[in-house]
There are 2 protein chains.
Amino acid sequence: MSRQAPTLEDVAREAGVSRATVSRVVNGVRNVDPAIQESVRQAISRTGYAPNQAARSLVTRRTETVALVVSGAGDVSEEEQNAFAARVVTDPFFGRVVSGVVGQLRPRSMHPVLMFAETDEARQDVVTYLRQGSADGALVVSTHADDPLPALLAGAGLPAVLFARPSRPVALSYVDLAHRDGGRLAAEHLLGRGCRRVVTVSGPLDVSASQERLAGFRDTMARHGHAYVPLAQGGFTVDSGMAAMTELLAEHPDVDGVFAANDLMAQGICQVLRERGRRVPHDVAVVGFDDSSVAVTCRPPLTTVRQPVEDMAAAMARLLAEHIGGVRTEPTSIIFDPELVVRESA
Amino acid sequence: MSRQAPTLEDVAREAGVSRATVSRVVNGVRNVDPAIQESVRQAISRTGYAPNQAARSLVTRRTETVALVVSGAGDVSEEEQNAFAARVVTDPFFGRVVSGVVGQLRPRSMHPVLMFAETDEARQDVVTYLRQGSADGALVVSTHADDPLPALLAGAGLPAVLFARPSRPVALSYVDLAHRDGGRLAAEHLLGRGCRRVVTVSGPLDVSASQERLAGFRDTMARHGHAYVPLAQGGFTVDSGMAAMTELLAEHPDVDGVFAANDLMAQGICQVLRERGRRVPHDVAVVGFDDSSVAVTCRPPLTTVRQPVEDMAAAMARLLAEHIGGVRTEPTSIIFDPELVVRESA
DNA sequence: CATCCTCGGGAGAGCGCTCTATCCGGTTCA
DNA sequence: TGAACCGGATAGAGCGCTCTCCCGAGGATG
């Protein structure tokens, strides 16, 4: 970067028109004479002009940037922060979120800036970041039901869209899945296969999605005469799935069906079952949740309840863009339906 | 956001001082009378002032934002773009990169914006994004050796730091691993265990890291009398590892050692071996590469060559910050040493 | 032929901040 | 006592862009 970058002024002089006209050409607004348009374009490429985003933002009050925030509850220590980031990013679920979001933002020339807000301070940073106009809005994925961030955002009147309904009502749009129906689908499938001694590994019960999946599952089991379904709580990771299954297996060695609240845990469950000499699905049927990439790579491939994460994330981005653009003003919710995907594990 | 956001002017009026003084307090520069400092601070919290980042950027020419770019080579179709993003983000490797980068950026109050540049157009977008001052610099992770992005960035004189040495020399800083030494470590370990019929699954050979790991491995094997090591090329994914091992096993059923160029493939390899009735490590020893999270969750846990990705990513961020700040002007390279981590698979 | 539009273009006022030049009042020192 | 100095604050000039207003030249209209 040797000399000063060319400005609108330079291009205008080069093309022999006014700043305003160049601006009009660049932004494609109003009718500009095609001949002048062309000469401006040439002047632009001759000077190698690139509009200064800061100057533009200063007057438009738009940055074409949104914050993609993964927020937890409570406080974690300084060094845990990075571990949190690593864990979140590595989760196949997050990959699908990013994929869906980017797919929507790209055609709108918008960009996501990644933020992790697992401490109160970090959450305050997110609010400040938005308040100072560094981003136009936020897409929030909470890892806990009682995440305080949505309320902070709503309180500051900042545009935001949530993944999953917040535990306490907040005046923000969100997308969610009918988790309860997902639990029902899993139960019906296991029952349909003739499973009679079914157990379940739930997600963390402070996450409402976990509660709902479990509730839907248990309700359906109950309605078919299975009043009690043994439960172990997991943490949505492979490890926690293994631990939970080990525990359940000790108490219920005759188990013939398992519902796991996500695929990662289902994978761990399959691993434990195999190590204990149980064949999946012959001896024990396993149903996962999410239909993430591991559902396919898992041995055996998982029968699972599909959550259309990419579509949900895309919807989030779309909603946020509409809120930012002022097209949509009222908080809106979009609930997606789960779908059973039958593979080999059940 | 009901009324207009308060500006410096408002705070100044409220505190009974000039704009400049408030600015100094906000930015903590120069000597300001402690009493005035305090009254300004109070005025700030009373008005709920948050500095406008666009206005600030306009004059400082800094955004405190960096682009975190994952760039491929060649062109992929429109719909493959999202798949690319999903695949990249989900890779545990990327999670570690993000973790390391965020760890460095956070204390500097900088933020990463995520960009995927797997088409020529997308790469051009990255350059434009930086040229218009939307970000102060770029951290580039290339998925292919002949990625054209580094040259574009260097050509435009934009601050950037690369993960891995570019195939053609470019005037940019980079961090890298001594991959060749990593291959050597793997070979020595397998030989030390007494393996005599060793095969290897490499990464894509258009990635220089793959070539180097393979070269280091083969050289060492050759030096110990093993002139020929059967090879199958994989794609750094579990699936490709499985396919490669299936192939190798068909031609070399008596194999007793495998070196995989990353952990994901090693995991696939272990799976195939188990399915074929081979015990790991008893019948076949498997050495992976990376020491990623799957090395621990894999059954059996993987003996692997550790790549300190977090540290490397942190170094990238640090280098970039120095380049942006003008503290460092010459392109610099930092090469990290791999380390063997012995677990159960070999 | 006067009037009213429409269309293409220019002038210029900011957007909210930083930063240099400047000023002011009080001390120090020749 | 006056010049030099210095910490501490202000005034004001931009940074590069958008956007509203305005103007002038045609063309349509009555």
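Order of the sequence lines fixes the chain letters, A, B, ..., with proteins taken first and strands second; residue numbering starts at 1 for each chain.
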Query raised in the report: When you look at B/L158 and B/R131, which way does the side chain to side chain contact (heavy atoms under 4.5 Å, CB included) test go after all the steps?
Result: CA-CA 8 Å; B/L158 295 164; B/R131 291 224 317 136; 4.0 Å; yes
Query raised in the report: Can a donor-acceptor pair be found between the side chains of B/S71 and B/D147 at a distance below 3.5 Å?
Result: yes
Query raised in the report: So, do B/V175 and B/L319 sit near enough that their side-chain heavy atoms are less than 4.5 Å apart?
Result: yes
Requested in this report: Please tell me which of the listed nucleotides, C/dG10, C/dG16, D/dT10, lies nearest to the side chain of B/T7?
Outcome: C/dG16
Query raised in the report: Base, sugar-phosphate alone, or nothing: which one does B/R61 contact when heavy atoms must sit under 4.0 Å apart?
Result: sugar-phosphate
Report summary line: Between CD1 of A/I36 and P of C/dC7 the distance, given in whole Å, is 16 Å
Report summary line: Here the distance between atom C1' of C/dT18 and atom CD of A/Q132, to the nearest Å, is 15 Å
Report task. Take atom CD of A/Q37 and atom C1' of C/dG9, then tell me their distance rounded to the nearest Å. Result -> 13 Å
Report task. Take B/D10 and B/T47 through the test side chain to side chain donor-acceptor pair (under 3.5 Å) and record every step on the way to the result. Result -> CA-CA 8 Å; B/D10 299 324; B/T47 52; over 6 Å; no
Requested in this report: Just jot down the ring pair (Phe, Tyr, Trp, His ring centres under 6.0 Å) partners of B/F116, sequence neighbours excluded, or say none.
Outcome: none
**Report entry** Rounded interatomic separation in angstrom, taking CZ from A/R131 and P from C/dG16
**Finding:** 14 Å
Query raised in the report: Is B/R24 side chain donor-acceptor paired with the D/dT10 base, going by distance under 3.5 Å alone?
Result: yes
Query raised in the report: Please walk me through it: do B/E118 and A/R106 pass salt bridge (Lys or Arg N to Asp or Glu O under 4.0 Å)?
Result: CA-CA 13 Å; B/E118 63 288 17; A/R106 198 198 295 268; 3.4 Å; yes
Query raised in the report: To the nearest Å, how far apart are B/L58 CG and C/dC19 P?
Result: 12 Å
Report summary line: To the nearest angstrom, the CG-C1' distance between A/L8 and C/dA11 comes to 15 Å
**Report entry** Interatomic distance where CZ belongs to A/R62 and P belongs to D/dC19 [whole Å]
**Finding:** 10 Å
Query raised in the report: Given C/dC15, is OP1 or OP2 found less than 4.0 Å from the side-chain N or O atoms of A/S57?
Result: no
Report task. For DNA chain C, determine which residues of residues 45-53 of chain B have any heavy atom closer than 4.0 angstrom to one of its atoms, and list them numerically. Result -> B/Y49, B/P51, B/N52
Report summary line: Closest to the side chain of A/N27, out of D/dT18, C/dG9, C/dT18, is D/dT18
Report task. State whether B/S23 places a side-chain N or O below 4.0 Å from either non-bridging phosphate oxygen (OP1 or OP2) of C/dT18. Result -> yes
Query - Atom pair distance, as rounded to whole Å: CD1 in A/I44 and P in D/dC17 - result: 10 Å
Query raised in the report: Picking from D/dC17, C/dC17, C/dG10, which would you name as closest to the side chain of A/S18?
Result: C/dG10
**Report entry** From CA spacing to verdict: side chain to side chain contact (heavy atoms under 4.5 Å, CB included), A/L68, A/V113
**Finding:** CA-CA 6 Å; A/L68 177 54; A/V113 21; over 6 Å; no
